[in-house]
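The block underneath contains the structure these notes are about, expressed in C-alpha cells.
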Amino acid sequence: MIRSPFFYVGDKYKLMSQLVELFPPNIKTYVGAFTGGGSDFLNVNAERYLANDIDKDLIRLHEEISSYADNGEALFTRVYEIIDTYNLSCSFKGQTTPQSYKEKYPKTYFAKFNKESYVRLRKGFNSDESRDYLKLYILLIYGFNRMLRFNRSGEFNLPVGNVDFNKNVVDALNNYLSFMKENEVSFSCNNYIDFINKQELGGDDFVYIDPPYLISASEYNKLWDNKQEVELYELLDELNRKGIKFGLSNMLEHKGMKNSILEKWSKKYKVHEIKSNYISFNNNSIKTTSREVYVTNYEQ
Ligand SMILES: C[S@@+](CC[C@H](N)C(=O)[O-])C[C@H]1O[C@@H](n2cnc3c(N)ncnc32)[C@H](O)[C@@H]1O
C-alpha cells in the first residue's frame, strides 16, 4: 500500500488493503469526493482519477507536489534548501539533533531542537503574500500531528511536532511522484455535492466517499453535522437511482456513541465490517466499542 506524503489526519492508509478488496474490480473514473491526503486513490487501479476536497490549502499542496512529477530531483533540491535555510534537523540526510538534546530530552529532542527554526519558517510562510506551498509542506511534515491548521486571519498556526524529514517521508514522496507521473489525476476544490453533480458519470465509474465522521472528533469534523449527514445520504440514494456505484466509509459506533442516521440509512445497502485500529476481532478480551464500516450499493 502507498501512503500519502501528507500523512493526513483520518488517512485511510491502514484500512486501504481491506477497502481495495471491496472496491469494484474495473473502474473507469475513480471519483474521490473527500480526498484528504489521497491515500485512497493512490492505491486504486482506474483509468483516470478525480480528487476533490473542500480544503483549498490541501488541494494547493497536492497541486504543488504533483507539479514535480517529472522532476523529483528538483523537488528534493528545493525541500533541502528550505530545511537548510531554516536549520531544521533532517534524519534522512543524517543531519540529526546534537547528542546533548537527545540526552536532555530523550523523548522530545526533535521538537526541542526544531522549535525556533519552525517558528521562523512559519513566520516566513505567513508573511509572504505569494505563498510558497513547499514551505507549507515542510511545516506540515515538521508540525504537531501533521495537521493543516489556520487561525481566523488565515495564518498557519500549528506548533512544532516531534518529527522531521525522514525515510518514510522520502519514500512516500517518491511513490506519490511515480503515481502522478504514470496516471491522469485531476484535483478540484469544491463542496462534494457540487463536485459530484458536475460530473457526467456512468456505470463503469466509482464514487468513493470518505466524509468527516459524525461521531469522531477532528479538525475537519467541525464542518460536519446531522444536516450534512442526511444530505450526504440523499445524494448517495440519488447516485444509486442513476445506477452509479458508490462506496462509503464511516463509523457506526465509537466510544459509546452511535450514528443512528447511518444505521437506519445503511439497511438499504450492503454493509461490510472493517477491522480498524479500534477493533480487535481476534481478542475478545479487548472491549470493542468502535465499528468502522464500508457501505456499498453494488455486489462484488
Ligand atoms: C476523512 S478525511 C479523508 C481522508 C482520505 N480519504 C485519506 O485516506 O487520506 C475527510 C476530508 O473531507 C474534507 N471535507 C470536509 N467537508 C467536505 C465537504 N463538504 N466537501 C468536500 N470535502 C470535505 C476534509 O477537508 C477532509 O480532508
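Below, each value reflects all heavy atoms present in this structure, side chains not excepted, and no hydrogens, waters or symmetry copies. We count ligands from 1, going down the list as the structure has it; atoms in each ligand are counted the same way.
Interface atoms of ligand 1 facing Thr35, defined by a heavy-atom separation under 4.0 Å, are 5 (C), 6 (N), 7 (C), 9 (O). For ligand 1, the atoms closer than 4.0 angstrom to any heavy atom of Tyr8 are 27 (O). Remark: ligand 1 atoms within the under-4.0 Å shell around heavy atoms of Asn191 are 18 (C), 19 (N), 20 (N). Within the listing of ligand 1, atoms 9 (O) sit less than 4.0 angstrom from a heavy atom of Gly38. Atoms of ligand 1 found under 4.0 Å from any heavy atom of Gly37, numbered from 1 in the order shown, are 9 (O). Heavy-atom contacts of Asp210 reach the following atoms of ligand 1: 1 (C), 2 (S), 3 (C), 4 (C), 5 (C), 6 (N), 10 (C) (cutoff under 4.0 Å). Within ligand 1, the atoms closer than 4.0 Å to a non-hydrogen atom of Lys12 are 7 (C), 8 (O), 9 (O), numbered from 1 in the order shown.
Taking the six-membered ring for Trp and thresholds of 30 and 60 degrees, Tyr30 and Phe23 have ring planes inclined between 30 and 60 degrees apart. Ring planes of Tyr208 and Tyr294: tilted class, angle from 30 to 60°. Using cut-offs of 30° and 60° for the angle between ring planes, the Phe156 and Phe125 rings count as perpendicular. Classified by interplanar angle (parallel below 30°, tilted 30° to 60°, perpendicular above 60°), the ring pair His62/Phe187 is parallel. Between Phe41 and Tyr49, the two ring planes are tilted [angle within 30° to 60°].
Between the choices Leu15, Asp53, Asp55, the shortest heavy-atom distance to atom 24 (C) of ligand 1 belongs to Asp53.
At least one heavy atom of Pro212 sits less than 4.0 Å from an atom of ligand 1. Remark: distances from the non-hydrogen atoms of Asn190 to ligand 1 include one below 4.0 Å.
In Tyr192, the parts holding a heavy atom less than 4.0 Å from any atom of ligand 1 are both the side chain and the backbone. When non-hydrogen atoms are compared, ligand 1 lies under 4.0 Å from the backbone of Ala33 (N, CA, C, O) but not from its side chain.
On a distance-only criterion, Pro211 and ligand 1 share no N/O pair closer than 3.5 Å.
With sequence neighbours excluded, no residue satisfies side chain to side chain donor-acceptor pair (under 3.5 Å) with Asn168. Scored by the side chain to side chain donor-acceptor pair (under 3.5 Å) test, Asp53 finds no partners at all (sequence neighbours excluded).
Ionic pairing of Lys245 and Asp204 is not present here: no N-O contact between side-chain nitrogen and carboxylate oxygen is shorter than 4.0 angstrom.
A donor-acceptor contact shorter than 3.5 Å is absent between the side chain of Asn166 and the backbone of Ser91.
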